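Here's the structure we're looking at; comments come further down.
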Amino acid sequence: MSQEVKELLPLGSILILKESLQKLMVVGRGAVYNDPKTDEEKFADYMAVLYPEGINPKSTIFFNQNDISKVVFQGYTDGAKTRFLEIYNQWKNENYPN
């Protein structure tokens, strides 16, 4: 089984990936996407868009927690995040155990 995610950044968080200078804004978590290089279904902890440009389907970026270098701004959270992480971890372990 995969490891449980202790924390996921909230939607709206702004971050910088390792070996990058470009800021990204988190717009999705637990993303399943089709890798255009391999045409395989893949899983990523996050999907993000360029900041401040915003949503452009051609420039959506998928990455995992360990790819993050710096969190510039953390988005809004409330009490629902604990329940979300419970459901997220169960779903991830059932569907993407590696």
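The shown structure was predicted, so the numbers you read here are calculated from the model rather than taken from an experiment.
- Considering all non-hydrogen atoms of both residues, Gly75 and Pro10 come closest at O-CG, 3.2 Å.
- With values rounded to the nearest 0.5 angstrom, Lys92 atom NZ is found 7.5 Å from Leu8 atom CG.
- Both Val49 and Phe62 belong to a single network of hydrophobic side chains, linked directly or stepwise wherever heavy atoms of I, L, V, M, F, W or Y lie under 4.5 Å apart.
- Glu86 is linked by a side chain to side chain donor-acceptor pair (under 3.5 Å) to Arg83, counting only residues two or more places apart in sequence or in another chain.
- Under the side-chain contact (heavy atoms from CB on, under 4.5 Å) criterion, Ser59 pairs with Leu50, Asn56, sequence neighbours left out.
- Residues meeting the salt bridge (charged side-chain N to carboxylate O under 4.0 Å, His left out) test with Lys70, sequence neighbours left out: none.
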What pairs of donor and acceptor atoms, side-chain ones from residues 20-37 against any protein atom, are under 3.5 angstrom apart with sequence neighbours left out?
unit_1: Ser20; atom_1: OG; unit_2: Gln22; atom_2: N; d: 3.1
unit_1: Gln22; atom_1: NE2; unit_2: Tyr51; atom_2: O; d: 2.9
unit_1: Arg29; atom_1: NH1; unit_2: Leu9; atom_2: O; d: 3.4
unit_1: Asn34; atom_1: ND2; unit_2: Asp39; atom_2: OD1; d: 2.9
unit_1: Asp35; atom_1: OD1; unit_2: Lys37; atom_2: N; d: 2.9
unit_1: Asp35; atom_1: OD2; unit_2: Lys42; atom_2: NZ; d: 3.3

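- The hydrophobic cluster of Tyr76 has no other members, since no ILVMFWY side-chain heavy atom comes under 4.5 Å of it.
- Atom NZ in Lys81 sits 13.0 Å away from atom CG in Leu11 (nearest 0.5 Å).
- Glu7 is not listed as a side-chain neighbour of Gln65, based on a closest heavy-atom distance of 4.5 Å or more.
- Although no hydrogens or angles enter the test, the distance criterion places a donor-acceptor pair under 3.5 Å between the side chain of Asp78 and the main chain of Ala80.
- The backbone N or O of Phe63 lies less than 3.5 Å from no partner atom in the side chain of Asp67, so there is not a single donor-acceptor pair.
- Both Ile61 and Tyr46 are members of a single hydrophobic cluster when ILVMFWY side chains are connected at heavy-atom separations under 4.5 Å.
- With sequence neighbours left out, the ring-ring contact (aromatic ring centres under 6.0 Å, His included) criterion links Phe84 to Tyr88.
- With hydrophobic clusters built from ILVMFWY side chains whose heavy atoms lie under 4.5 angstrom apart, Val71 shares a cluster with Leu17.
- Taken together through direct or relayed side-chain contacts under 4.5 Å among Ile, Leu, Val, Met, Phe, Trp and Tyr, Ile16 and Phe73 form part of one hydrophobic cluster.
- Under the ring-ring contact (aromatic ring centres under 6.0 Å, His included) criterion, Phe43 pairs with Trp91, Tyr96, not counting sequence neighbours.
- In this structure Gln90 satisfies the side chain to side chain donor-acceptor pair (under 3.5 Å) test together with Glu94, sequence neighbours excluded.
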